[in-house]
2 protein chains.
Amino acid sequence: MKGHRFHMSFTTENYLKTIYQLTERHPATPLVRLGELAEELGVTPGTITTMIRGFDQKGLVIYKARTGVKLTKKGRDQALQVVRRHRIIESFLVEVMKMDWAEVHEDAEALEHVVSDNFLARMDEMLGFPSTDPHGDPIPSSTSELPTREHPPLCEVPPGAYKVQRVDDQEPVFLDWISENHLRPGQPFELQKVDSVTGIFTLKVSEKKAPLLLSTDIAGRIRVHPVQDPQPRI
Amino acid sequence: MKGHRFHMSFTTENYLKTIYQLTERHPATPLVRLGELAEELGVTPGTITTMIRGFDQKGLVIYKARTGVKLTKKGRDQALQVVRRHRIIESFLVEVMKMDWAEVHEDAEALEHVVSDNFLARMDEMLGFPSTDPHGDPIPSSTSELPTREHPPLCEVPPGAYKVQRVDDQEPVFLDWISENHLRPGQPFELQKVDSVTGIFTLKVSEKKAPLLLSTDIAGRIRVHPVQDPQPRI
DNA sequence: AGATTGACTTTGATTATTCAAAGAGTGATA
DNA sequence: TATCACTCTTTGAATAATCAAAGTCAATCT
Ligand SMILES: [Mn+2]
Ligand SMILES: [Mn+2]
Ligand SMILES: [Mn+2]
Ligand SMILES: [Mn+2]
């Protein structure tokens with residue numbers, strides 16, 4: 001029994017995590033619409049309504065019929081623990097087990113619901129208590145604290161020097177492309193030009209001679225933070 | 001999707017595994033009685049009857065009402081895959097993650113139902129494709145072959161020189177005791193005396209000066225294989 | 001034989017999760 | 001304003017897993 005969290009069902013954990021993620025995805029809107037949840041979770045709207053009403057009863061969410069849901073403190077804490085497990089697992093699979101960073105998300109989706117506190121702590125320890133996962137996503141603490149350093153997506157910044165902070169982790173194809181083009185988290189690069197008409201972003205990483213061109217869509221999935229001028233003259 | 005086994009439910013996997021284990025536990029009797037299964041799985045007899053009838057339909061077991069069940073080839077193969085995952089996971093937790101061998105069983109019980117083929121293969125590879133787990137239990141192959149070298153329990157052998165082959169893995173307290181007394185799998189020792197009246201077994205491991213005394217009950221949970229005379233004189 | 005016992009089976013119900021289809025609310029459109 | 005188009009809610013039903021309690025069988029004991 002020791003070390004084994006008494007856990008919520010897979011379903012509940014996934015629902016809470018998804019509500020959290022959709023909340024993050026649209027920081028402007030205070031509530032997550034049920035239709036969006038239904039789509040994200042791949043179930044019918046009726047299912048969502050039923051489940052959400054149950055969560056409201058349990059004090060995990062606040063539910064306004066025909067408007068949306070939002071997590072309570074309790075629900076948010078639970079969600080962040082799932083996120084924490086997910087990200088530590090991903091880190092472990094990549095750093096320790098040397099698995100492909102483009103393929104670990106799926107494994108983490110299943111493992112996040114069954115790892116014991118013991119096992120999680122051991123992974124964390126072997127990793128040296130990382131603060132971000134392989135995709136650059138921050139890892140919540142065991143008390144559900146999340147360091148909130150919000151960085152803008154590449155599509156919203158002006159030309160200049162940056163480092164990749166984090167990238168969308170949902171699509172293996174996208175992650176493969178990121179790797180091939182030297183745009184993993186931590187990578188410094190220069191955004192040379194933004195053509196607002198064509199929506200083409202031109203950027204340069206020192207690892208490649210040719211500049212890299214990408215669309216606004218892709219630029220929206222890469223978050224960056226500015227760095228001081230690369231060669232400050234004395 | 002790649003690497004993710006389409007799997008049976010947790011419940012089905014656990015039921016099949018348990019039928020397999022009970023079959024092994026009583027090699028004499030051809031069928032496992034439902035009451036024993038109910039007890040082992042901690043559910044009521046009615047539940048077992050219902051489930052087993054379903055498994056029979058699916059061709060996983062042969063069921064004789066009021067007599068018992070036995071696995072079909074298909075059911076046995078599935079069961080052995082669960083056992084394989086369980087034992088590779090236990091090995092990984094002990095050898096790679098340095099977790100306590102007395103505590104990994106429980107984690108393996110949960111993880112065995114969710115690891116992907118990919119992740120399992122990676123663990124196996126990092127371990128160097130072991131043939132037994134930390135408790136000395138043989139690991140079935142990916143095609144459900146199981147090397148059948150049946151070794152007798154200590155309680156059934158005459159005095160002489162032996163090595164520990166495998167020990168019961170279900171009880172942390174027992175495993176701790178095994179560790180403390182230098183009786184892990186692979187350990188050579190000498191069975192000096194068997195007192196059939198008191199049921200006391202006297203044995204000697206070179207690591208400890210004093211001989212070790214144990215009961216028939218405990219001796220039944222340790223399987224051993226004979227070794228050539230320790231110091232053959234030239 | 002008739003009664004007893006223990007093991008197993010049946011039945012009816014419950015919980016969690018889900019779907020399909022029909023109904024209702026809300027805002028935009030003509 | 002009457003109507004549409006969406007989105008969400010309700011309802012009724014299904015599935016998997018489970019239990020409690022009542023019923024059945026077969027072997028054992030007077
Ligand atoms: Mn992920
Ligand atoms: Mn998940
Ligand atoms: Mn085990
Ligand atoms: Mn299990």
Side-chain angles (χ1 to χ4, degrees), chain A residues 5-19 22-23 25-26 29-70 75 78-79 82 109-110 112-114, chain B residues 6-19 22-23 25-26 28-70 75 78-79 82 109-110 112-114:
Chain A
R5 168 177 35 88
F6 161 71
H7 59 187
M8 323 199 86
S9 67
F10 275 46
T11 305
T12 298
E13 289 196 342
N14 280 332
Y15 277 44
L16 293 179
K17 189 179 70 160
T18 303
I19 297 169
L22 293 181
T23 304
R25 194 177 299 173
H26 314 295
T29 52
L31 298 180
V32 176
R33 283 181 315 101
L34 300 210
E36 196 179 11
L37 254 180
E39 166 141 33
E40 192 75 15
L41 290 163
V43 295
T44 60
T47 302
I48 293 292
T49 303
T50 309
M51 294 296 291
I52 292 298
R53 277 150 66 74
F55 292 168
D56 188 292
Q57 283 300 305
K58 294 178 189 141
L60 294 165
V61 302
I62 307 275
Y63 167 53
K64 294 279 288 177
R66 295 173 190 285
T67 314
V69 254
K70 95 182 150 186
Q78 301 274 10
V82 181
E109 281 295 313
E112 70 191 10
H113 309 292
V114 297
Chain B
F6 160 72
H7 60 186
M8 325 199 83
S9 66
F10 275 45
T11 305
T12 298
E13 289 196 342
N14 279 332
Y15 277 47
L16 294 178
K17 188 179 72 161
T18 302
I19 297 169
L22 293 180
T23 305
R25 194 178 298 174
H26 315 294
T29 51
L31 298 180
V32 176
R33 284 181 315 99
L34 301 212
E36 197 179 9
L37 254 181
E39 166 142 32
E40 193 75 14
L41 290 164
V43 295
T44 61
T47 302
I48 292 292
T49 303
T50 309
M51 295 296 291
I52 291 298
R53 278 151 65 74
F55 292 168
D56 189 291
Q57 283 300 305
K58 294 179 189 141
L60 294 165
V61 302
I62 307 275
Y63 166 52
K64 296 277 289 177
R66 294 172 193 285
T67 314
V69 256
K70 96 182 149 187
Q78 300 273 11
V82 182
E109 281 295 313
E112 69 191 11
H113 309 293
V114 298

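Given the structure is predicted, the values throughout are model-derived calculations rather than measurements. We name chains A, B, ... by the order of the sequence lines, and we start the count at 1 in each one.
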Encode nucleotides 20-28 of chain C as B, S and - characters from 5' to 3', where the letter depends on protein heavy atoms closer than 4.0 Å: B to the base, S only to sugar-phosphate, - to neither.
S----S---

What verdict does the side-chain contact (heavy atoms from CB on, under 4.5 Å) test give for B/Q78 and B/L60, after you've listed the backbone C-alpha separation in whole Å, the side-chain angles of each residue and the deciding distance to 0.1 Å?
CA-CA 9 Å; B/Q78 300 273 11; B/L60 294 165; 4.2 Å; yes

Between B/R33 and B/T67, does the side-chain contact (heavy atoms from CB on, under 4.5 Å) criterion hold? Intermediate values first, please.
CA-CA 6 Å; B/R33 284 181 315 99; B/T67 314; over 6 Å; no

Using the side-chain contact (heavy atoms from CB on, under 4.5 Å) rule, take A/V69 and A/I62 through it: C-alpha gap first, then chi angles, then the decisive distance, then the call.
CA-CA 6 Å; A/V69 254; A/I62 307 275; over 6 Å; no

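B/G68 comes within 4.0 angstrom of nothing in the nucleic acid, heavy atoms only. The residue B/Y15 sits close only to the backbone: its heavy atoms come under 4.0 Å of sugar-phosphate atoms, none of a base.
Judged as a ring pair (Phe, Tyr, Trp, His ring centres under 6.0 Å), and not counting sequence neighbours, B/Y63 has no contacts. By the side-chain contact (heavy atoms from CB on, under 4.5 Å) test, A/L41 pairs with A/Y15, A/T18, A/L37, A/V43, A/I48, sequence neighbours left out. In terms of the side chain to side chain donor-acceptor pair (under 3.5 Å) criterion, residue partners of B/T12 (sequence neighbours excluded) are, by chain and number, B/S9. By the salt bridge (charged side-chain N to carboxylate O under 4.0 Å, His left out) test, A/K17 pairs with A/E109, A/E112, sequence neighbours left out.
Within the model, atoms CG of B/L16 and CE of B/M51 stand 9.0 Å from one another, a figure rounded to the nearest 0.5 Å. Expressed to the nearest 0.5 Å, how far CG of A/L31 lies from CG of A/L22 amounts to 12.5 Å.
The terminal axes of the helix from C/dA1-D/dT30 to C/dA30-D/dT1, fitted over 5 pairs per end, subtend an angle of 30° to the nearest 10°.
In the region residues 30-41 of chain B, proximity to DNA chain C at under 4.0 angstrom, judged on heavy atoms, holds for B/R33, B/L34, B/G35. For the segment residues 48-62 of chain B, the set of residues with a heavy atom within less than 4.0 Å of an atom of DNA chain D comprises B/M51, in numerical order.
For DNA chain D, the outermost nucleotides in 5' to 3' order that have an atom under 4.0 Å from a heavy atom of chain B are D/dA17 to D/dC25.
Under a 3.5 Å cut-off, the side chain of B/H113 and the backbone N or O of B/E13 do not form any donor-acceptor pair.
B/T67 has no side-chain polar atom (N or O) that falls below the 4.0 Å cut-off from OP1 or OP2 of C/dC8.
Contacts classified as salt bridge (Lys or Arg N to Asp or Glu O under 4.0 Å) and involving residues 45-69 of chain A (residues at least two apart or in different chains) are not found. Pairs engaging residues 35-46 of chain A under the side-chain hydrogen bond (donor to acceptor under 3.5 Å, both in side chains) rule: A/R25-A/E40, A/H26-A/E36, A/T44-A/T47 [sequence neighbours left out].
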